[in-house]
Amino acid sequence: MSVVAKQKEQLCSAIEAAIKAAQASGELELTSVPEIGLEVPRDTSHGDFASNIALVTAKAAKRAPREVAQIIVRHLPAGDIIRDVEVAGPGFINFFLSNQWLYDTIRVIEREGFSYGNSEHGAGEKILLEFVSANPVGPMNVVNARAAAVGDTLARLFRAAGYTVGTEFYVNDAGNQADVFARSLEARFQQLTDPDRPFPEDGYPGDYVAELASILKREHPELGALSLEDRLAFCKRWGTDKMVEMQREDLKNYGVEFDLWFRERELHEQGALEEAIKFLQDRGLLFEAEDALWFKSTEFGDDKDRVIVKSDGSFTYVTADIAYHHDKLKRGYTKLIDIWGPDHHGYIGRMKAAIQALGYSEDTLEVLILQYVALLRNGQQVKMSKRAGEFITMQDLVEEVGKDAARFFFLHRSPESHLDFDLDLAVEQSNENPVFYVQYAHARIASILRQAGEMGVSLPNCGQVDLELLTHDSELAMLKQMAALPEEMLTAALQREPHRMTRYALELASLFHSFYAHCHILGEQEQLRDARLVLVTQVKCVLQKVLDILGVDAPEQM
RNA sequence: GCGCCUGUAGCUCAGGGGAUAGAGCAUCGGACUUCUAAUCCGAGUGCCGCAGGUUCGAUUCCUGCCAGGCGCGCCA
């Protein structure tokens, strides 16, 4: 249990005892006591912990909230952790504790090191997190970059929370778009020998297709001799493979590596679609109409039924997706989380229906919808057009602003918010850029520790120092922030809110910079110096931990 | 028409039944003989989109409306 949770538990039982004592003495008439809420107030003048229990119970007790608070406070059992109690505002009970719990926090961090903040909350649950899943027919875009950052950091948060996590990129290499891409590639291939060869009207215009065609020509000159059909089939397989390689490389440079790249074509080759259809058929969930085969998704709350096999005999995208999700479930995952772009939200109903048709509860599938990213340059929105080739890819973005800034920017916003990405700002590498602020705090500590070593000062551990020397406001503020990490990480995971972690990192960095300006370390007398060395060593550890969750580097030097 | 997301300081965004609604940037004024000034300290700014409702208490929850973004294919 975290130090904070332990304090809360102690305070809760103290309040509970006080209420019971007040009831026994007849001062408080309450038939039932609700769960006692305790929070760490934003404003430190409101104590280390505060409870709104008097506000909540005032009505049932038929007394004014402040009065109830006074009664509870009067009956609080004497204890050693509570330094002071006050009734404040409309009826809050504010608790001021001795600093021991903060010094305990240092001991815990030193003991747990890099695993500080982790928990076993998700033990026994297997989460499959699917994200990005960009079609292997072109470069990835900035929403893909946003999804990659959010998905990857969520995966790290889930792992830290004790879940078993698999991350997957679903490669849609068997659909219409893959066929269009194959025709585009084939046409560019032909144009290398016959420049007048027409290009498909719906083909992909990007230069990357022509570049790929040149490579294809070099590696497989024999292709010209094949039949058109065979050549297209080859282009489809070879081309999507190449695109997947490029995507994998781009994502790796971005700090994102998937456990599995799942190929749609393998579902087709294994007959998984037919199998899924049979599964639904056996349960009477399909029907024929207008020469097509339909899935009765409305039986599970979808707003219309969906075509599974088109009138021309081919499958729809949903069919493969049902087979894919069935596959995930058969692999033993207990929770499927998909991260999609905003243009897919209309898809949620049919997939949730499919999950239920497959025999699982609706909330086995959870879909997180990301909102669009608008790129700004010179204060103007960058207009993008695939047709005109004016298109900022994920790779462009990462090259321009760097992996760390890109990830931090995306993670700094709540996932469902529309995001304005100011390219000038991210590029500036100035103090406007929050990621440097955090990294600088880490580098500053590294520098202090380096210099301590150069001075021949060996780094002490907390058993060797007097932690009670740490009494400066800025020191206590850092300790409080560090004590809050386990709860913050768990909340970020459970609420799927990775932006909590960027905010946490900024706050801790800010507290450190303030401390740095007010307190010296190496010049202080030995005992204080050593206590502060222990403190900043732990701050560095926590910063590194949080940056790691964000997938951002923690530099030793800047 | 229906569905999803958003509307909070000049800008970008947090917060989310309760204490005077927060942060960064921008603006202005201070701080480097001393561990990195990519830093710190200080100052001002709000019909929390509008209107009702629930509540002791609403920026937060409910309903309606307004504005912006995006969906509503036998595309993916």
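Convention: sequence-line order gives letters A, B, ...; per-chain numbering from 1.
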Looking across every strand, which nucleic acid part, if any, lies under 4.0 Å from A:N94 by heavy atom: base, sugar-phosphate, or nothing? base

Is a donor-acceptor pair below 3.5 Å formed from side chain A:N52 to base B:A19, judging by atom type as modelled? no

Here the distance between atom P of B:C13 and atom NE2 of A:H412, to the nearest Å, is 10 Å

More than 12 non-hydrogen atoms from neighbouring residues, nucleotides or ligands closer than 6.0 Å to CD on A:Q527, yes or no? no

Less than 6.0 angstrom from the centroid, inside 45 degrees of the normal: does A:R444 satisfy that with respect to the ring of A:Y516? yes

From the set B:C75, B:C70, B:C35, return the single nucleotide nearest to any side-chain atom of A:K310. B:C75

Would you classify B:C32 as syn or anti? Syn applies when the glycosidic angle is within 90° of 0. syn

Does A:K352 reach the main-chain N or O of A:L365 with its side chain, forming a donor-acceptor pair under 3.5 Å? yes

Measure the distance from CD on A:Q371 to P on B:G7 and round it to the nearest whole Å. 11 Å

Is there a Watson-Crick or G-U wobble partner for B:U20 with both distances under 3.5 Å, and which nucleotide is it? none

Just how far, in rounded Å, is P of B:G73 from NE2 of A:H345? 12 Å

Classify the nucleic acid contact of A:E507 as base, sugar-phosphate or nothing, counting any heavy atom under 4.0 Å across all strands shown. nothing

Which nucleotide wins on minimum distance to the side chain of A:H513, given the candidates B:A19, B:C40, B:G69? B:C40

Do the side-chain N or O atoms of A:H418 get closer than 4.0 angstrom to the phosphate oxygens (OP1, OP2) of B:C13? no

Across all strands, who's sitting opposite B:G71 as a Watson-Crick or G-U wobble pair, both distances under 3.5 Å? B:C2

Can A:F92 be classed as stacking with the base of B:A19, given a centroid separation cut-off of 5.5 Å and a plane angle cut-off of 30°? yes

Nucleotide forming a Watson-Crick or wobble pair with B:G7, both distances under 3.5 Å: B:C66

By the 4.0 Å heavy-atom rule, please label A:L522 as base, sugar-phosphate, or nothing. base

Smallest heavy-atom separation, A:I53 atom then A:I19 atom, equals CG1-CD1, 4.1 Å

With heavy atoms under 4.0 Å as the rule, sort A:A64 into base, sugar-phosphate or nothing. nothing

Side-chain donor-acceptor pair present, A:H518, A:D473, cut-off under 3.5 Å: no

In whole angstrom, what separates A:H499's NE2 from B:G22's P? 18 Å

For a quick test of reading the model: is some side-chain N or O of A:Y437 closer than 4.0 Å to OP1 or OP2 of B:A37? no

Students often get this wrong, so: under 4.0 angstrom with heavy atoms, is A:D43 touching a base, only sugar-phosphate, or nothing? base

Mind calculating the distance between CG (A:L273) and C1' (B:C74) to the nearest angstrom? 15 Å

Sort out the partner of B:G46 for me: Watson-Crick or G-U wobble, both distances under 3.5 Å, none otherwise. none

Rounded distance (Å) that lies between atom P of B:U39 and atom CG of A:N433: 10 Å

Paired nucleotide for B:A58 [Watson-Crick or G-U wobble; both distances under 3.5 Å]: none

It should be established whether A:S510 places a side-chain nitrogen or oxygen under 4.0 Å from OP1 or OP2 of nucleotide B:A23. no

Under 4.0 angstrom, heavy atoms only, what part of the nucleic acid is A:R500 near: base, sugar-phosphate, or nothing? sugar-phosphate

Quick one: is B:C13 close enough that its OP1 or OP2 comes under 4.0 Å of any side-chain N or O from A:S414? no

Return no unless some side-chain N or O of A:R42 is found under 4.0 Å from OP1 or OP2 of B:A21. no

Side-chain N or O of A:S514 versus OP1/OP2 of B:C41: is the shortest distance under 4.0 Å? yes

